[in-house]
Undergrad: 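Dropping the structure in here first, questions after.
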Amino acid sequence: MTQNPNYHLETLAVHAGVEPDPTTGAVMTPIYQTSTYAQADVAQHKGYDYSRTDNPTRTALHGALAALEGGTYALAFASGMAAIDTILRLIKPGQHVLSGNDVYGGTFRLFDKVLSGLGIEFTFADTTDDTAVSAAIQPNTKLIWLETPTNPMLRLTDIAAIAQIAHVAGAWLGVDNTFASPALQSPLALGADFVVHSTTKYIGGHSDVVGGAIVLNDTAVYEQLKFLQNAIGAVPGPMDCFLTLRGIKTLAIRMAQHCRNATQVAHFLADHPAVAEVIYPGLESHPQYELAQRQMRGPGGMISFILHGGEKAARLVARETKLFTLAESLGGVESLIELPAPMTHASVADSPLAIDPGLVRVSVGIENAQDLINDLKQVLNRV
Ligand code: P1T
């Protein structure tokens, strides 16, 4: 069923990649908790041989991820960072990567502190501005890298427009689709060459597993990435693949509830006198509201906001909510709250990408919206 292009996302999320187990008929793909596989003869084996190279639970996950993103191939990794790092292994010393200037702190750290030292050139530019992207292209630009919406400023980039700029320049476009999830945005259909996810977030959806994914269409590049996946070895274990597959089944209904709840929470925040600014792609006040309507199938579950009381008030709010847990990460069923500057984005602190220390980021979960609003209200009324 994985190959049927007529199924909708809700159906793909439940079925794609998962076939009844050939030996037992088990409806859910088993956790093939094995490192190795018996072979019939020496060096003539077809099929599975070693679980770094492949594992049936991972194969099922690959099928599900490819189908969700409308791609031909998917590869799963031990983390989102491992997925991003593996794509960057396609870039050679002396080549140039043009990255968005508002990306996850860990992505910036990988580019700036690890890969720059290996001779890859990086420029950080505002990908929300086509002119700035065109101006930053160099003759050796091989990859444009962006997040949309970005973490944590929730800025949007017009994927189709940047894909065109990338392809005219002979470069690839990689899009980190973690914040939107495949339920809300399809970068490959808009011209991206790679889609990446931290499956730790909405795809896994339950804050119980760390993982990453790459989805793409090009067969030759897939073969290179598959080689790199095995050669580097940052693969997820079978249990992690199982948990991610299990999470995927409810992706569509979870995302619908994340969007509904976040919309209500964003409106509440926008109306509260303690709040100076709310950033949410579903609010008409978002500077790229029109692009959000055009490019995304929903505004998502992430909201960032700034309080009139600045950093002190932000720290109080982050500490004193009850339902919103003070924690890094996002995209799980439970609501989380954090301050990006000292937490998830500490690694950009002394760079041009530094985040306002008073910015609060919330990942709105699937609880009851009024309960979430009441929780924020009890603390906002005190700042
Ligand atoms: O944590 P990991 O699975 O390795 O994924 C890294 C990553 C990649 N891309 C985006 C957009 C991300 O947000 C992340 C991880 N982000 C957090 C842990 C966070 O709290 O923002």
Side-chain angles (χ1 to χ4, degrees), residues 61 65 69 75-88 99-115 124 127 145-157 159 174-182 184-185 187 192 194-215 229 232 234-237 240-241 243-244 247 258 279 281 296 300-304 318 324-332 334-349 353 355 359-365:
L61 177 58
L65 292 166
E69 282 291 358
L75 291 164
F77 291 86
S79 68
M81 291 320 304
I84 297 171
D85 181 56
T86 303
I87 289 183
L88 269 290
S99 167
N101 65 2
D102 176 27
V103 290
Y104 168 55
T107 303
F108 175 75
R109 179 175 56 197
L110 174 69
F111 291 176
D112 186 55
K113 297 277 191 304
V114 180
L115 298 172
F124 296 89
T127 56
W145 188 264
L146 59 89
E147 291 173 14
T148 179
T150 57
N151 179 3
M153 298 309 292
L154 303 171
R155 296 191 184 113
L156 307 187
T157 288
I159 298 171
V175 175
D176 185 331
N177 201 25
T178 298
F179 267 41
S181 92
L184 303 183
Q185 182 169 268
F194 309 106
V195 175
V196 159
H197 283 279
S198 167
T199 56
T200 318
K201 318 302 183 207
Y202 288 109
I203 288 183
H206 296 74
S207 305
D208 54 7
V209 62
V210 171
I214 304 173
V215 188
Q229 183 195 42
I232 299 166
V235 292
D240 289 357
C241 294
L243 286 169
T244 309
H258 284 299
I279 309 168
M296 300 176 71
M302 300 301 297
I303 305 172
S304 291
F324 286 84
T325 303
L326 174 57
E328 302 199 358
S329 202
L330 58 116
E334 65 289 295
S335 294
L336 302 179
I337 188 163
E338 68 122 12
L339 268 53
M343 295 175 69
T344 50
H345 291 67
S347 50
V348 302
L353 283 67
I355 305 292
L359 188 83
V360 183
R361 187 189 80 179
V362 290
S363 172
V364 180

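Just follow the structure's listing: the first ligand is 1, and inside any ligand the first atom is 1. In this text the structure is predicted, and so the values were computed from the model without any measurement. Side-chain atoms are counted along with the backbone in the values below, which use heavy atoms only and exclude waters and symmetry mates.
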Undergrad: With a 4.5 Å heavy-atom cut-off, do Ser335 and Thr325 have their side chains touching?
TA: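 A side-chain contact under 4.5 Å is absent here.
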Undergrad: Is the distance between the ring centroids of Phe124 and Phe108 less than 6.0 Å?
TA: yes
Undergrad: Distance to 0.1 Å, residue and atom name: give those for the protein heavy atom nearest to atom 1 (O) of ligand 1.
TA: Lys201 NZ, 3.9 Å
Undergrad: Would you please say whether a donor-acceptor pair under 3.5 Å links the side chains of Glu147 and Thr178?
TA: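 No, no side-chain donor-acceptor pair sits under 3.5 Å.
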Undergrad: Distance under 4.0 Å to a non-hydrogen atom of Gly80: what atoms of ligand 1 satisfy this?
TA: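 Answer for ligand 1: 2 (P), 3 (O), 4 (O), 5 (O).
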Undergrad: So is there a nitrogen or oxygen of Ile84 less than 3.5 Å from a nitrogen or oxygen in ligand 1?
TA: no
Undergrad: Does the N or O separation between His345 and ligand 1 drop below 3.5 Å for any pair?
TA: no
Undergrad: Tell me: protein heavy atom nearest atom 7 (C) of ligand 1, and distance?
TA: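 The answer is Tyr104 CD2, 3.4 Å.
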Undergrad: Which of the numbered atoms in ligand 1 are below 4.0 angstrom from a heavy atom of Asp176?
TA: 8 (C), 9 (N), 10 (C), 11 (C)
Undergrad: May I ask whether Ser329 has any heavy atom positioned less than 4.0 angstrom from an atom of ligand 1?
TA: yes
Undergrad: Heavy-atom distance under 4.5 Å between the side chains of Gln229 and Val235, does that happen here?
TA: yes
Undergrad: Considering Asn151, Leu330, Thr344 one by one, which has a heavy atom nearer to atom 13 (O) of ligand 1 than any of the others?
TA: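 It is Asn151 that holds the nearest heavy atom.
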Undergrad: Just to verify, which of Tyr104, Trp145, Phe194 counts as forming a side chain to side chain contact (heavy atoms under 4.5 Å, CB included) with Ile84?
TA: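 Result for side chain to side chain contact (heavy atoms under 4.5 Å, CB included) with Ile84: Trp145.
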Undergrad: What's the spacing between Leu154 CG and Ile279 CD1 if we round to 0.5 Å?
TA: 6.5 Å
Undergrad: With a cut-off of 4.0 Å, which atoms of ligand 1 are near a heavy atom of Arg361?
TA: 19 (C), 20 (O), 21 (O)
Undergrad: At less than 4.0 angstrom from any non-hydrogen atom of Gly211, what atoms of ligand 1 do you find?
TA: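 That gives atoms 3 (O) of ligand 1.
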Undergrad: Does ligand 1 come near enough to Glu328 that some N or O of the ligand is less than 3.5 Å from an N or O of the residue?
TA: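 In this structure, Glu328 places no N or O atom under 3.5 Å from an N or O of ligand 1.
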Undergrad: Considering the options Thr157, Ile159, Asp176, which one meets the side chain to side chain contact (heavy atoms under 4.5 Å, CB included) requirement together with Pro187?
TA: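 Result for side chain to side chain contact (heavy atoms under 4.5 Å, CB included) with Pro187: Ile159.
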Undergrad: Side chain, backbone, both or neither: which part of Met343 comes within less than 4.0 Å of ligand 1 when only heavy atoms are counted?
TA: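 Neither part.
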Undergrad: Look up atom CG in Leu65 and atom OG1 in Thr199, then write down how far apart they are to the nearest 0.5 Å.
TA: 7.0 Å
